[in-house]
Amino acid sequence: MSSLLVRQSIKTAVESLASPWPVFDLSEYQTIDDITNNLTSEVVLIQYVVADDQVQSIGGYQNQGWEETGTVVLHMVVPTGFASSPVVTKGDAIRNGIRGKRLTSEVVVESCSPFVDFGGGGVDGAAHSYTANLFYTRRTCG
């Protein structure tokens with residue numbers, strides 16, 4: 001599970017970059033349908049999918065710390081029939097604004113892939129989803 005600091009810092013950054021589109025953390029919902037039912041505008045969803053925490057020697061001998069790494073999937077969901085150009089533009093703004101950024105003294109976004117619609121496609125027939133993979137690192141010195 002991604003740590004609270006990671007979740008808070010990524011959500012804050014994505015909210016800022018996605019504005020005025022609303023942002024939802026999928027951890028707070030049971031299914032994507034909870035959000036996409038009655039969807040009338042664009043939304044961005046955050047899904048924490050993989051995380052790991054390994055002991056690391058940070059800063060020299062006998063100075064152990066921890067390195068948390070993880071993958072987050074960002075979803076941009078729009079009602080079917082909306083033009084793709086504004087979605088691609090917003091996706092590029094989010095990706096370019098967050099990749100390689102230090103979000104806190106401990107959390108760095110290592111990379112964020114371009115948004116694609118392969119695999120996301122139609123969420124429930126009434127919405128279309130574009131997805132990107134975000135990779136982060138959190139280093140905690142001992």
Side-chain angles (χ1 to χ4, degrees), residues 1-60 63-142:
M1 174 185 304
S2 298
S3 64
L4 182 60
L5 176 64
V6 165
R7 290 168 178 265
Q8 290 171 335
S9 60
I10 289 175
K11 185 172 183 192
T12 298
V14 171
E15 283 175 331
S16 174
L17 294 163
S19 182
W21 295 9
V23 175
F24 298 94
D25 180 342
L26 280 176
S27 301
E28 299 170 7
Y29 298 87
Q30 289 195 347
T31 69
I32 200 167
D33 291 336
D34 293 340
I35 297 167
T36 59
N37 287 341
N38 304 313
L39 184 67
T40 59
S41 66
E42 305 92 337
V43 297
V44 177
L45 311 176
I46 303 172
Q47 185 175 32
Y48 302 90
V49 293
V50 176
D52 191 25
D53 205 18
Q54 298 284 327
V55 68
Q56 299 290 325
S57 179
I58 299 173
N63 190 20
Q64 278 70 34
W66 292 91
E67 182 178 74
E68 174 186 345
T69 57
T71 303
V72 177
V73 177
L74 302 177
H75 304 263
M76 292 190 308
V77 183
V78 298
T80 301
F82 275 40
S84 65
S85 181
V87 180
V88 173
T89 300
K90 180 62 79 175
D92 283 346
I94 293 170
R95 179 174 61 94
N96 292 331
I98 201 167
R99 66 181 178 189
K101 299 293 186 212
R102 180 173 294 280
L103 303 181
T104 72
S105 62
E106 297 178 7
V107 179
V108 175
V109 175
E110 301 293 344
S111 66
C112 185
S113 67
F115 282 85
V116 298
D117 56 357
F118 179 78
V123 175
D124 66 1
H128 192 86
S129 173
Y130 302 80
T131 59
N133 292 313
L134 180 150
F135 302 96
Y136 72 85
T137 302
R138 177 187 180 192
R139 291 185 180 91
T140 309
C141 293

> Checking side chain to side chain contact (heavy atoms under 4.5 Å, CB included) against Ser27, which of Lys11, Gln47, Arg7 comes through?
Arg7
> Any side-chain heavy atom of Leu74 within less than 4.5 Å of one from Val72?
yes
> Rounded at 0.5 Å granularity, tell me how far OG1 in Thr104 sits from CD1 in Ile10.
10.0 Å
> Measuring only between side-chain heavy atoms, which start at C-beta, is Lys90 closer than 4.5 Å to Glu42?
no
> Would you say the side chain of Leu103 lies within less than 4.5 Å of the side chain of Tyr136, judging by non-hydrogen atoms?
no
> Shortest non-hydrogen contact from Thr80 to His128?
OG1-N, 4.3 Å
> Determine whether His75 and Leu26 make a side-chain contact, defined as any pair of heavy atoms from C-beta on separated by less than 4.5 Å.
yes
> May I ask you to test the Val78-Tyr130 pair for a side-chain heavy-atom distance under 4.5 Å?
yes
> Just to verify, which of Val107, Val109, Leu4 counts as forming a side chain to side chain contact (heavy atoms under 4.5 Å, CB included) with Ser9?
Val107
> With side chains defined as the heavy atoms from C-beta onward, is the minimum distance between Glu67 and Thr69 less than 4.5 Å?
yes
> What closest approach, in Å, do Thr140 and Arg138 show between heavy atoms, and which atom pair accounts for it?
OG1-NE, 3.7 Å
> Output the distance between atom CG (Leu134) and atom OH (Tyr48), rounded to the nearest 0.5 Å.
9.0 Å
> So among Val77, Val43, Asp117, which one has a side chain to side chain contact (heavy atoms under 4.5 Å, CB included) with Ser129?
Val77
